[in-house]
Number of protein chains: 2
Amino acid sequence: MHDISDIPGAPESFTPRQRAVLDRALELLLEGGERALTTAGLARAASCSKESLYKWFGDRDGLLAAMISHQASKVRARIDDGSALDLSRFRAHLVDFATDLLQVLAGDVSLALNRLAIGQASREGSRLGQLLIERGRRGIDRRAGALLDAGRRRGLIVYGDRDAAYHTLYGLIVRDLHVRMLLGEAGARQPEKFAALAEEAVTQFFVLFGVRENKKADPD
Amino acid sequence: MHDISDIPGAPESFTPRQRAVLDRALELLLEGGERALTTAGLARAASCSKESLYKWFGDRDGLLAAMISHQASKVRARIDDGSALDLSRFRAHLVDFATDLLQVLAGDVSLALNRLAIGQASREGSRLGQLLIERGRRGIDRRAGALLDAGRRRGLIVYGDRDAAYHTLYGLIVRDLHVRMLLGEAGARQPEKFAALAEEAVTQFFVLFGVRENKKADPD
DNA sequence: AGAGAACCGTACCGTACGGTACGATCATCT
DNA sequence: AGATGATCGTACCGTACGGTACGGTTCTCT
């Protein structure tokens, strides 16, 4: 398995000046997509020289990777290590997680960076996708994993493979919304419906993995 | 609701020569991504003139739209309107659908076109995403819808909202695999695992929507 | 056979991008 | 104060793309 340290450009931290430039780069990306993010345009918008950009980030790909690392470093995925965990609290935590997940995926920055990485994925040797998964998703995955483990320890849910259970939960929550949002379908981006979607997904998740009346494996 | 006829460039059918050119364009897209699909490159690869390309498709965006329409016209989504439908047959049909869905989404052409449309989605006024959904997904959606309706009529499953049930099935099948494949994660593209994934998804779907021992809504 | 349309190959144009070079400016260190 | 290094603004270069124009060729229709 790859670790974060495997990815070039990931470990170094950026100076405040560089972070400001990266923030401006994100704004340009949000405004006009990848085509709007040119070195000359960024230099002008961020009031820095192109020479500095190439000195700091190497080349354009390095800049894109730095943008992903920078954005990921801003999002702190808290771990709900709920101590006193009863069923209703556990369920509420799951619904919170589901709502947060949908809101994150629907966020402007997330969509822009995912579009960027996906657009680059066709080029051979582009590690932006890998980088995005490592730096962006790992935190969310860990939070969910810790949550599921806690629920299982309390006997509130039961599963054999934690990752499989998590992926099922993810599918129940996100469905095909992420891809539709990435494709720009307006109907898929309706944050006011996320709460209801989260509720339903968690309800279904409990039907599949919850411990209630019939906890034994169904024969036949 | 938009219909296919709403989309400019969709209704016209292409001449054999144009179809051959579009096929060549798809090959170029598969080989090197969007950057490799230039008008000059396509003209050279397809042995046609750039002037003809602009005459046939208007501009580059028209060419991309034509590629999507052309590819969609090649994929014929059959409808499993199974007549004698018992539970095991219905389940087999669902597993077939799930396997087909995963294989389609993992296909080279599908991934390339989705990456193309997603990469263009940031630009304002790009209808490629809409076009891809209309022309590519509608067929699959209809096939699944007909299948679910048939199962419900036979009393094999029960649901209130067919679209909701379908989206749940979709989420159970695809999970986050589609986005991971779009991002280029090698681990997500393992067709040898699709059969098992399809089986598990359908099993879970029946737990949620199947009619067995307790078919009444769970109180509390 | 002859006219007309469609099409091919090539050349051309303007633009815009990635990347580099250089002088000027500013901050810091001794 | 003087030197050193980082950075800015600008200019520059080579390339490559989207789109257009044009002469020559092939096909079709009458």
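Values in this document were obtained by computation on a predicted structure and should not be read as measured data. Each chain gets a letter, A, B and so on, in the order the sequences are listed, and its residues count up from 1.
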Testing the 3.5 Å rule here: is there a donor-acceptor pair between the side chains of B:D141 and B:Y166?
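Judged by distance alone, the side chains do pair up.
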Between A:E34 and B:S122, a side-chain donor and acceptor under 3.5 Å
no
Look only at the side chain of B:Q18 and the backbone of B:T15, and say whether a donor-acceptor pair between them is shorter than 3.5 Å.
yes
Does the structure place the NZ or CZ of A:R143 under 6.0 Å from the centre of the six-membered ring of A:F97, at an angle of no more than 45° from the ring's axis?
no
Sub-4.0 Å heavy-atom contacts from residues 36-49 of chain B onto DNA chain C, ordered by number
B:S47, B:C48, B:S49
Earlier contact from the 5' end, DNA chain D, for B:D59 and B:E51:
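Per heavy-atom nearest nucleotide, the more 5' residue is B:D59.
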Please compare B:K50 and B:Q18 by the position of their nearest nucleotide in DNA chain C and report the one closer to 5'.
B:Q18
Between [atom2] on [N] and [atom1] on [X], what's the gap in Å once rounded to a whole number?
X	N	atom1	atom2	answer
B:R17	D:dC27	CZ	P	13 Å
A:K55	D:dC8	NZ	C1'	12 Å
A:F57	D:dT7	CZ	P	11 Å

Looking at A:L116, A:D59, A:L113, A:L131, which one forms a side-chain contact (heavy atoms from CB on, under 4.5 Å) with A:L64?
A:L116
Check the surroundings of atom CZ in B:R35: do more than 12 heavy atoms from other residues, nucleotides or ligands lie under 6.0 Å from it?
no
Check whether more than 12 heavy atoms from other residues, nucleotides or ligands sit under 6.0 Å from atom CZ of B:R123, and answer yes or no.
no
For A:L132 versus A:I68, what's the shortest heavy-atom pair and its separation?
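Closest pair (atom of A:L132, atom of A:I68, distance): CD1-CG2, 3.7 Å.
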Where does the chain A footprint on DNA chain C start and end, counting 5' to 3' with a 4.0 Å heavy-atom cut-off?
C:dC17 to C:dC22
